[in-house]
Amino acid sequence: MEWPAYLDEYEKLVIRMNTPRVVIDNAACPTATVVKVDSGRKHGVLLEAVQVLTDLNLSIKKGYISSDGRWFMYVFHVTDQYGCKLTDDNVLSYIEQSLGTWKPTRSQSFEGLTAVELTGSDRPGLLSEVFAVLADLECSVVDARVWTHKGRIACVVFIKDESSGSQIEDATRIDVIECRLSHLLNLGEQNDGRVSIISMPALEGSISHADRRLHQMMFEDFNFDCVDDTEAIAMDTDVPCVSVQDWAERGYSIVTVQCKDRRKLLFDVVCTLTDMDFVLSHGTLNTEGDQAHEEFYIRYMDGSPISSEAERQRVVRCVQAAIERRGSEGLRLELCTLDRSGLLSEVTRTFRENGLLVTRAEVSTKDDMACNVFYVTDMTGLPADPRSIESIQKRIGESCLIIKEEKTPRVLRKVASDSFEEPNTGVAAGLLNLGSFFKRNLSSLGLIKSS
């Protein structure tokens, strides 16, 4: 590799010692591609690796992580979106280069853009009003991510000036945008909406990844403590099974997650624990059918385990909320058309006028094309009326707006009946699972002899 001129020999040695070693093996497992990485231990290295894989829309079907002193190793069994091994040389090369770099990998570039962050109480039509205000202020939306959960909304929108196509830097104009959006968010009874506008160079330092930033915003918004009236009826609410137990002899806390498997599940859990300042020292992930089981051995960054029942319950609620946010249910609508001024405002207004609520959205533009994904329900959260969908398609264009019959997996529900058997998550069982899982995977990789 070529070294920057400013590095001395000692700095080069440190980089060599800490540069991750990546092995991608398509022969070790008959159903998945095995990605193995050894690296120097640093906070957040696991999250960076999971982020690289999930940003490629890959599914992590099995894996384990382990650390020893200052060294860290993780192995993932991954498939593409069709459940097949990875065969594209470009994808394999990208994974190897991204995971094997000594510099942090940035999957998204925000150069020339201004970020608008919004959190507050959600209500029908709010997203339509936000996009209408931005269109009125001649702001072009380049990219956006919107999540709703338990009556709250978090949104990151990347904009540029509509006429010049450049970053919005004028302080007076930024104040006007912030004032208009803040007024919009605080029309409700709670009056707790927050708006933040960030431009370069501060943008590069504050938002490294849009999905991670959404998790952080909802965490800061105390979304994990929000309970609306409908979800207070716990017997009918789908909730991931999350538990936190102590392993006092070794100074670990053990976090166990059992729920329906879905893409980016591992990212959501690891992201939340990392941003809560936990170090994930060991862990396993296993999927069987449509079920996922994850187990992590964690400590705080100062080396201490969770020490109080209140903190244990806080971790449980935060992990549950992180899983549920991306699991927002609804009919998936994909819009692919030529981008134009006010497009998002028109589309979301059409949804509102036909009685639809947007529970989640992903907006992106490339060249002159807009490729947007919306998850919609009716105003009460029930499945959308097919007649409403048909009406919207006729208005927007059936060739532009496509219905995807993709059912968002429902997480396991906690119920009081004896019909649901709680998984064995005791410390002894956890250690047995961890040991046997490590042994089985090390054997499959040829690192130890199978017994």
Check [Y] with [X], please: is the shortest side-chain N to carboxylate O separation under 4.0 Å?
| X | Y | result |
| --- | --- | --- |
| Arg312 | Glu309 | yes |
| Arg152 | Asp192 | yes |
| Glu362 | Arg332 | no |
| Glu346 | Arg349 | no |

Validation row: [X], [Y] side chains within 4.5 angstrom (heavy atoms):
| X | Y | answer |
| --- | --- | --- |
| Val269 | Val255 | no |
| Leu343 | Phe131 | no |
| Met276 | Phe219 | yes |

Any luck finding a side-chain donor-acceptor pair between [X] and [Y] under 3.5 Å?
| X | Y | answer |
| --- | --- | --- |
| Gln97 | Ser93 | yes |
| Asp143 | Ser364 | no |
| Glu220 | Gln216 | no |
| Ser391 | Asn354 | yes |

Q. Between Glu311 and Arg314, is a salt bridge (charged side-chain N to carboxylate O under 4.0 Å, His left out) present by the stated rule, with each step listed?
A. CA-CA 5 Å; Glu311 185 61 17; Arg314 181 170 177 264; 3.2 Å; yes
Q: Without swapping roles, check the side chain of Arg262 against the backbone of Ile323 for a donor-acceptor pair under 3.5 Å.
A: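 Indeed, once roles are kept as given, a pair shorter than 3.5 Å links the two residues.
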Q: Using the six-membered ring wherever Trp is involved, compare the ring planes of Tyr252 and Trp247 and label them parallel, tilted or perpendicular (cut-offs 30° and 60°).
A: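 The rings of Tyr252 and Trp247 lie parallel, inter-plane angle below 30°.
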Q. Does atom NE2 of His183 have more than 12 heavy-atom neighbours, drawn from other residues, nucleotides or ligands, at distances under 6.0 Å?
A.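 Open: at most 12 neighbouring heavy atoms sit under 6.0 Å from NE2 of His183.
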Q: Can you establish whether the number of heavy atoms outside Gln81 located under 6.0 Å from its atom CD is more than 12?
A: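 Enclosed: over 12 neighbouring heavy atoms sit under 6.0 Å from CD of Gln81.
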(Q) Set out, in order, the CA-CA distance, both residues' side-chain angles and the distance that settles salt bridge (charged side-chain N to carboxylate O under 4.0 Å, His left out) for Arg21 and Asp38, then state yes or no. (A) CA-CA 5 Å; Arg21 292 192 285 271; Asp38 296 300; 5.0 Å; no
**Q.** Pair Phe278 and Tyr300, ring centroids less than 6.0 Å apart
**A.**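 Yes, ring centres under 6.0 Å apart.
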